[in-house]
Asker: 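Take a look at this one; I'll ask things after.
This chain uses plain numbering: 1 for the first residue, then up along the sequence.
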Amino acid sequence: MAPTVPLAVLALVALVAPGLGVAPGCDYPAHRWCSSRDVAVACQMESRCPKLPHPAAAPVELSLYYESLCPACRAFLVRNLFSTWLLLPDEMLNITLVPYGNAQERNVSGKLDFMCQHGPEECLGNMMEACLMHEAKNFSTYFPVIFCLESGSSVTKNLEACLQIYAPELDSGRIAACVQGDTGVALMHRNAQLTEALDPPHQYVPWITVNGKHTDELQAQAEASLLGLVCHLYQGEKPEACGGSKAPKIPSGCRR
């Protein structure tokens, strides 16, 4: 006796390709049409396979151009950006930090030198954070350390303490060597290039781009409620954290 074919499969075959055992252009048997998204697409069955996993949504891309001692930059990073990052899953938000801001790059006797809006200490803070990112590589490793630096009493004097709390595996000596050597200068030169390449050019910091774009509206929305903005823009399944609570008001930016 021939094996019994489930009525559901027969109905499926009839709907897709009456009189044929398979859908046009499909090399898979009917019982596999909903086994994966690739098979469903090949067999033109996506609309009839409700349990197929949806493709992962692209993360919201956020870049923060800032300087280490700007009060508005510190407030946005500490109160808004860090808390939003903690609340959302990694696949939902991708953050790029560019510490440079309103600094100026100069060539002095063949060597690069930097002038920063809030003085030499800010240049040191910018370079420390750039070197920290370079040494740590992993965002989830270095961002809590930067949060610790920016939320503390001194950005430039608390590195050892912040590393002990958030990233004891990192070698502060390597970070110091980076700051004092050619690598730190190269990292700041790269940040200068990234900042100067902004379109439109930045007028103040913090300067925020979302999915590669900056507008006054996006900047205002990010400063008012970054969590709400990211939740609104993300195309995938929303986590429970997407409740729309507003972030506290932050100080006005540091203009050039």
Asker: Examine the side chains of Glu129 and Tyr66 and answer whether a donor and an acceptor come within less than 3.5 Å of each other.
Answerer: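 Yes, side-chain donor-acceptor contact under 3.5 Å.
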Asker: Could you tell me how the ring of Phe139 sits relative to the ring of Phe143: parallel (under 30°), tilted (30 to 60°) or perpendicular (over 60°)?
Answerer: tilted
Asker: List for me each residue that meets disulfide bond (SG atoms under 2.5 Å apart) alongside Cys73, sequence neighbours excluded, and say none if there are none.
Answerer: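 With neighbours one apart ignored, the set is empty.
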Asker: Residues two or more places apart in sequence or in another chain: which of them pass salt bridge (charged side-chain N to carboxylate O under 4.0 Å, His left out) with Glu150?
Answerer: Arg74
Asker: For the residue pair Asn102 and His202, confirm or rule out a side-chain donor-acceptor distance under 3.5 Å.
Answerer: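 Present: a donor and an acceptor within the cut-off.
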Asker: Can you check whether Tyr28 and Trp33 have ring centres sitting under 6.0 Å from each other?
Answerer: no
Asker: Is there a path of hydrophobic side-chain contacts, each under 4.5 Å between heavy atoms of I, L, V, M, F, W or Y residues, that connects Val41 with Val39?
Answerer: no
Asker: Count the heavy atoms of every other residue, nucleotide or ligand shown that sit under 6.0 Å from CD of Gln193, and state whether that count exceeds 12.
Answerer: yes
Asker: Determine which pairs satisfy disulfide (SG to SG under 2.5 Å) with at least one residue from residues 180-209, sequence neighbours left out, and list them in order.
Answerer: none
Asker: Using the side-chain contact (heavy atoms from CB on, under 4.5 Å) criterion, which residues pair with Gln221? Sequence neighbours excluded.
Answerer: Glu217, Leu218, Leu229
Asker: Under the disulfide (SG to SG under 2.5 Å) rule, what pairs show up with a residue in residues 155-216, not counting sequence neighbours?
Answerer: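 Sorted pair list: Cys131-Cys178, Cys148-Cys162.
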Asker: Does Leu187 sit in a hydrophobic cluster with other residues, and if so which ones, taking ILVMFWY side chains as linked at heavy-atom separations under 4.5 Å, directly or through other members?
Answerer: none
Asker: Check Tyr166, Phe76, Phe147 against Phe82 for a ring-ring contact (aromatic ring centres under 6.0 Å, His included) and give me the one that passes.
Answerer: Phe147
Asker: Will you find, in the side chains of Thr156 and Glu121, an N or O donor that is under 3.5 Å from an N or O acceptor?
Answerer: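 Yes - a donor-acceptor pair under 3.5 Å links their side chains.
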Asker: Should we count NZ of Lys213 as having more than 12 external heavy atoms under 6.0 Å?
Answerer: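 No, NZ of Lys213 has 12 or fewer neighbouring heavy atoms, counting only those of other groups under 6.0 Å.
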Asker: Spell out, yes or no, whether Val78 and Leu86 are grouped together once hydrophobic residues are joined by side-chain heavy atoms under 4.5 Å, including indirect joins.
Answerer: yes
Asker: Enumerate the residue pairs fulfilling salt bridge (Lys or Arg N to Asp or Glu O under 4.0 Å) with a member in residues 135-145, sequence neighbours excluded, ordered by first and then second residue.
Answerer: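 Residue pairs with at least one partner in residues 135-145: Glu135-Arg174.
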Asker: Taking CG in Asn107 as the centre, count heavy atoms belonging to other residues, nucleotides or ligands within less than 6.0 Å. Is the count above 12?
Answerer: yes
Asker: What's in the same ILVMFWY side-chain cluster as Leu194, cut-off under 4.5 Å, chained through other members?
Answerer: Tyr65, Val98, Leu198, Tyr204, Trp207
Asker: Only counting residues at least two apart or in another chain, list the ones meeting salt bridge (charged side-chain N to carboxylate O under 4.0 Å, His left out) with Asp113.
Answerer: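 With sequence neighbours excluded, Asp113 shows a salt bridge (charged side-chain N to carboxylate O under 4.0 Å, His left out) to Arg106, given in chain and number order.
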Asker: So which pairs with a foot in residues 158-167 pass salt bridge (Lys or Arg N to Asp or Glu O under 4.0 Å), sequence neighbours left out?
Answerer: none
Asker: Looking at residues at least two apart in the chain, or sitting in another chain, which of them share a side-chain contact (heavy atoms from CB on, under 4.5 Å) with Glu61?
Answerer: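 side-chain contact (heavy atoms from CB on, under 4.5 Å) list for Glu61, sorted by chain: Pro59, Asn94, Asn211.
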Asker: For Glu196, what residues pass the salt bridge (charged side-chain N to carboxylate O under 4.0 Å, His left out) criterion, not counting sequence neighbours?
Answerer: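 Residues passing salt bridge (charged side-chain N to carboxylate O under 4.0 Å, His left out) with Glu196: Arg256.
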Asker: Under the side chain to side chain contact (heavy atoms under 4.5 Å, CB included) test against Leu163, which residue among Leu149, Asp171, Val145 passes?
Answerer: Val145
